[in-house]
Amino acid sequence: MEIKTAKTLREVLAHSDVKYNLSVPQLVEIAVKRGEGVLTDQGALNTLTGKYTGRSPKDKFFVEEESVRGKINWGPTNQPIAADQFARLYGDVLDYLQGKELFVFDGFAGAEQAYRLPLRVVNEYAWHNLFAHQLFIRPTAAELAAHEPDFTIISAPGFKADPAVHGTRSETFIIISFERKTILIGGTEYAGEMKKSIFTVMNYLLPEKNVLSMHCSANVGQDGKVALFFGLSGTGKTTLSADPNRFLIGDDEHGWSENGVFNIEGGCYAKCIRLSKEGEPQIWQAISFGTVLENVDVDPLTRKADYDSDRYTENTRAAYPVEKIPGAVIPGVGGHPEVIIFLTADSFGVIPPISKLTKEQAMYHFLSGYTSKMAGTERGVTTPQTEFSTCFGAPFLPLDPLVYAEMLGKKIVQHNVRVYLVNTGWTGGPVGVGKRMNLAYTRAMVAAAINGELENVSFVTDPVFGVEVPTSCPGVPAEVLQPRNTWADKAAYDRQASDLAGRFAENFRKKFPQAAEIAQHGPRI
């Protein structure tokens with residue numbers, strides 16, 4: 001294949017109208033002037049991302065390069081693309097961008113100085129650059145003056161790839177090159193691709209430095225005790241970590257080094273479908289000037305946001321600096337966690353609302369990454385469906401998942417961490433029969449796990465899932481703690497629990513045949 005010689009990014013920036021490191025007001029002004037978004041009555045910038053209202057995992061690739069051979073866990077979520085095809089696409093994107101008005105943000109990923117990654121983000125859209133400014137770690141004036149990026153994101157939503165020419169699957173592409181230290185994004189306006197691409201990069205780089213990278217939120221109490229919250233979208237990770245009685249370290253991505261945990265980001269990216277001031281006051285207050293909203297239904301006259309509306313998507317989002325959360329920890333670093341919470345939204349209604357895990361069970365549930373899709377939340381989903389996302393973040397793991405699981409197991413032992421599985425899903429029956437777990441009860445259970453109150457109660461072993469279930473918990477009716485007792489039809493519960501246990505086993509056997517020892521600590525068939 002003949003490859004067009006690509007000019008360098010430096011040359012493109014030198015021959016384009018580039019705005020470097022603009023302030024939030026400047027970026028908002030430009031975005032509104034260019035018609036990229038509108039201001040809501042709360043001062044947030046609402047944007048619409050077109051047909052792509054979420055990530056495009058099937059359009060994500062890693063460049064096949066010598067440095068990654070034998071390291072990338074190739075498969076459906078880690079697809080290879082040839083170096084010559086990437087070079088062609090890279091050159092075509094630079095040609096497309098040259099001469100345009102471009103926006104550059106310089107900052108960091110990783111709040112711990114020893115492990116932070118200097119970034120440069122080059123955007124075609126002003127609102128994308130505002131998103132980067134709010135989500136990544138913002139430099140001080142001195143840091144900016146000396147900034148030398150180690151990794152660069154080039155985001156060109158208006159450029160559409162040609163699969164026949166560029167080797168992509170569609171017009172959309174998210175491609176990571178570790179040798180060029182570049183992330184190339186095009187064909188999609190969904191800003192979350194930038195955030196998650198950097199997380200993917202950190203998931204590759206940090207374990208090589210003996211740092212566990214994690215898809216979790218983290219907070220800390222006044223006593224300095226840190227808690228981690230793992231969970232897929234819709235399980236309550238952001239909601240439960242934004243606790244007014246604790247201080248937020250970060251809501252989504254963290255590293256765990258020999259010094260403790262640290263936030264990879266400088267902002268939060270909260271789902272805001274059905275957001276209310278009463279239910280999630282901290283997130284509600286954070287939606288103000290400088291916050292970027294994605295795909296929220298906004299009244300064209302009053303500019304009032306309708307957070308209950310899914311007119312454009314269920315995946316409505318709010319992006320804001322972590323500083324907008326009262327008492328947020330800046331910089332986002334904390335000590336070693338004392339408690340880990342695995343969150344699942346079990347729409348089958350059979351997993352206990354809270355249970356204690358051994359180290360081996362923690363590794364099993366970490367690798368399983370279970371939750372369930374609820375009927376009605378996605379087109380074609382009419383009954384509850386299981387979803388297993390390895391390490392609670394399968395799309396973002398370049399390495400073999402056992403690398404992350406084994407690191408987690410070692411740290412649990414090394415720091416004597418208590419681990420709990422919390423079901424924020426259904427009780428009393430599956431969707432359509434039972435009801436969603438009372439949020440006040442969930443908060444009480446999480447608080448009891450974190451402050452150590454559950455260490456003083458008795459436990460019973462769940463006969464199906466093998467986990468230890470407390471017989472009492474402050475602020476929670478005892479009958480709620482045993483899921484079978486909440487079902488009117490006990491035989492139906494037994495059938496459903498056995499069925500879900502079988503799904504766990506099938507998933508684990510299929511994905512981790514080499515982890516037979518860990519498999520023994522899963523649900524009992």
Checklist line | Reference residue Thr235; test side-chain contact (heavy atoms from CB on, under 4.5 Å); the match among Asn423, Leu240, Thr371, Val422 | finding: Thr371
Note to self: Minimum heavy-atom separation for Phe136 and Met194, please, with both atom names.
What the structure shows: CZ-O, 3.9 Å
Item checked: Polar side-chain atom of Gln361 near backbone of Glu468 as donor-acceptor pair, under 3.5 Å -> no
Next item on the list: Spell out, as yes or no, whether a donor-acceptor pair under 3.5 Å connects the side chain of Thr200 to the backbone of Lys196.
Entry: yes
Note to self: Let's go through Thr172 and Tyr52 carefully: what are the C-alpha distance in whole Å and the side-chain angles of both, what is the deciding distance for side-chain hydrogen bond (donor to acceptor under 3.5 Å, both in side chains) to 0.1 Å, and is it a yes or a no?
What the structure shows: CA-CA 10 Å; Thr172 300; Tyr52 295 101; 2.9 Å; yes
Check: From Leu367 CG over to His521 NE2, what is the distance, rounded to the nearest 0.5 angstrom?
Finding: 12.0 Å
Notebook entry, point to check: Does CD belonging to Gln222 count more than 12 external heavy atoms closer than 6.0 Å?
Noted result: no
Item checked: N/O donor-acceptor pair under 3.5 Å between Thr188 side chain and Tyr190 backbone -> yes
Next item on the list: Please say whether more than 12 non-hydrogen atoms of neighbouring residues, nucleotides or ligands are located less than 6.0 Å from CD in Glu479.
Entry: yes
Margin query: Atom NZ of residue position Lys490 - does it have more than 12 heavy atoms of other residues, nucleotides or ligands inside 6.0 Å?
Written below: yes
Checklist line | Backbone N/O of Phe388 and side chain of Lys511: donor-acceptor pair under 3.5 Å | finding: yes
Note to self: Under a 4.0 Å threshold between the charged nitrogen and the carboxylate oxygen, would Glu193 count as salt-bridged to Lys60?
What the structure shows: no
Notebook entry, point to check: Step by step, would you call Asp252 with Lys195 a salt bridge (Lys or Arg N to Asp or Glu O under 4.0 Å)?
Noted result: CA-CA 10 Å; Asp252 196 48; Lys195 161 192 163 71; 2.8 Å; yes
Next item on the list: List the steps, then state whether side-chain contact (heavy atoms from CB on, under 4.5 Å) holds for Leu399 with Ile72.
Entry: CA-CA 5 Å; Leu399 308 179; Ile72 300 290; 5.5 Å; no
Checklist line | Heavy-atom closest contact (Ile176 atom, Ser197 atom, distance) | finding: CD1-O, 4.0 Å
Item checked: Option passing ring-ring contact (aromatic ring centres under 6.0 Å, His included) with His365 (candidates Tyr420, Tyr370, Phe504, Phe508) -> Phe504
Checklist line | side-chain contact (heavy atoms from CB on, under 4.5 Å) between Leu421 and Ile354, worked out | finding: CA-CA 6 Å; Leu421 176 65; Ile354 187 165; over 6 Å; no
Item checked: Heavy-atom closest pair, residues Ala497 and Phe465 -> O-CZ, 4.0 Å
Item checked: Parallel, tilted or perpendicular: rings of His215 and Phe396 (30°, 60°) -> perpendicular
Next item on the list: Could you walk me through whether Tyr307 and Trp284 pass the ring-ring contact (aromatic ring centres under 6.0 Å, His included) test, one step at a time?
Entry: CA-CA 10 Å; Tyr307 296 112; Trp284 180 274; 5.6 Å; yes
Margin query: Just verifying a value: how many Å separate Leu48 CG and Glu294 CD, rounded to the nearest 0.5 Å?
Written below: 10.0 Å
Check: Is there a donor-acceptor contact under 3.5 Å from the side chain of Arg418 to the main chain of Ile450?
Finding: yes
Checklist line | Pairwise distance CD1(Ile325) to CG(Asp243) - rounded to 0.5 angstrom | finding: 11.5 Å
Item checked: Candidate pair Ser213 and Asn203, rule side-chain hydrogen bond (donor to acceptor under 3.5 Å, both in side chains), full reasoning -> CA-CA 5 Å; Ser213 52; Asn203 282 333; 2.6 Å; yes
Notebook entry, point to check: Nearest 0.5 Å, what's the SG-CG distance between Cys391 and Leu408?
Noted result: 8.5 Å
Check: At their closest point, which heavy atom of Pro470 faces which heavy atom of Leu481, and how far apart are they?
Finding: O-CD1, 3.5 Å
Next item on the list: Tell me yes or no: between the side chains of Gln385 and Ser372, is some donor less than 3.5 Å from an acceptor?
Entry: no
Margin query: Between the side chains of Arg311 and Asp306, is the shortest nitrogen-to-carboxylate-oxygen separation below 4.0 Å, so that they form an ion pair?
Written below: no
Notebook entry, point to check: With distance as the sole criterion, is a donor-acceptor pair present between the side chains of Asn295 and Thr49 under 3.5 Å?
Noted result: yes
Notebook entry, point to check: For Asn315 and Arg317, what are the C-alpha separation, side-chain angles and deciding distance, and is it a side-chain hydrogen bond (donor to acceptor under 3.5 Å, both in side chains)?
Noted result: CA-CA 6 Å; Asn315 190 36; Arg317 294 277 180 170; 2.9 Å; yes
Next item on the list: Run the numbers on Val24 and Leu130 for side-chain contact (heavy atoms from CB on, under 4.5 Å), then give the verdict.
Entry: CA-CA 7 Å; Val24 167; Leu130 175 62; 4.0 Å; yes
Item checked: Under 3.5 Å donor-acceptor, Asn78 side chain and Leu397 backbone -> yes
Next item on the list: For side-chain contact (heavy atoms from CB on, under 4.5 Å), just list the numbers for Glu323 and Arg138, CA-CA rounded to whole Å, side-chain angles, deciding distance to a tenth of an Å, and then say yes or no.
Entry: CA-CA 11 Å; Glu323 290 93 327; Arg138 294 156 291 281; 2.8 Å; yes
Check: Going from CD1 on Ile340 to CD1 on Ile412, what distance comes out if it is rounded to the nearest 0.5 angstrom?
Finding: 4.5 Å
Checklist line | Short side-chain to backbone donor-acceptor contact, Trp426 and Val350, under 3.5 Å | finding: no
Check: If you measure from CD1 on Ile283 to OG1 on Thr239, what distance do you get to the nearest 0.5 Å?
Finding: 5.0 Å
Item checked: cation_pi(Lys237, Phe229) dist<6.0 Å, angle<=45 -> no
Checklist line | Exam field: side chain Ser276 to backbone Gly279, donor-acceptor pair closer than 3.5 Å | finding: yes
Next item on the list: Mark yes or no: Arg484 above the aromatic ring of Tyr493, with NZ or CZ under 6.0 Å from the six-membered ring centre and no more than 45 degrees from the axis.
Entry: no
Next item on the list: Kindly say whether Phe392 contributes a backbone atom to a donor-acceptor pair with the side chain of Ser389 at under 3.5 angstrom?
Entry: no
Check: Under the side chain to side chain donor-acceptor pair (under 3.5 Å) test, which residues partner Thr486, sequence neighbours left out?
Finding: Thr427
Next item on the list: Please report the C-alpha distance between Thr291 and Gln134 in whole Å, then the side-chain angles of each, then the deciding distance to 0.1 Å, and finally whether the side-chain hydrogen bond (donor to acceptor under 3.5 Å, both in side chains) criterion is met.
Entry: CA-CA 8 Å; Thr291 295; Gln134 304 298 51; 6.0 Å; no
Margin query: One thing to verify: whether Glu314 and Lys271 come together as a salt bridge, which I'm taking to mean a side-chain N less than 4.0 angstrom from a carboxylate O.
Written below: no
Next item on the list: State whether the number of non-hydrogen atoms from other residues, nucleotides or ligands found under 6.0 Å of Lys209 atom NZ is greater than 12.
Entry: yes
Next item on the list: Ignoring hydrogens and angles, state whether a donor on the side chain of Glu265 or Asn263 is under 3.5 Å from an acceptor on the partner side chain.
Entry: no
Note to self: If you compare all heavy atoms of Ala305 against all heavy atoms of Val296, which two are closest, and at what distance to 0.1 Å?
What the structure shows: CB-CG1, 3.7 Å
Next item on the list: Using a cut-off of 6.0 Å, state whether more than 12 heavy atoms not belonging to Glu258 lie near its atom CD.
Entry: no
Next item on the list: Would you name the heavy atoms of Asp400 and Tyr404 that are closest together and state the gap between them?
Entry: O-CD1, 3.7 Å
Next item on the list: Say whether, by atom type as modelled, one donor and one acceptor occur between the side chain of Thr40 and the main chain of Gln42 under 3.5 angstrom.
Entry: yes
Notebook entry, point to check: Are there more than 12 heavy atoms of other residues, nucleotides or ligands under 6.0 Å from atom CG of Asn73?
Noted result: yes
Check: Are Tyr320 and Tyr269 an aromatic pair by the rule of ring centers under 6.0 Å?
Finding: no
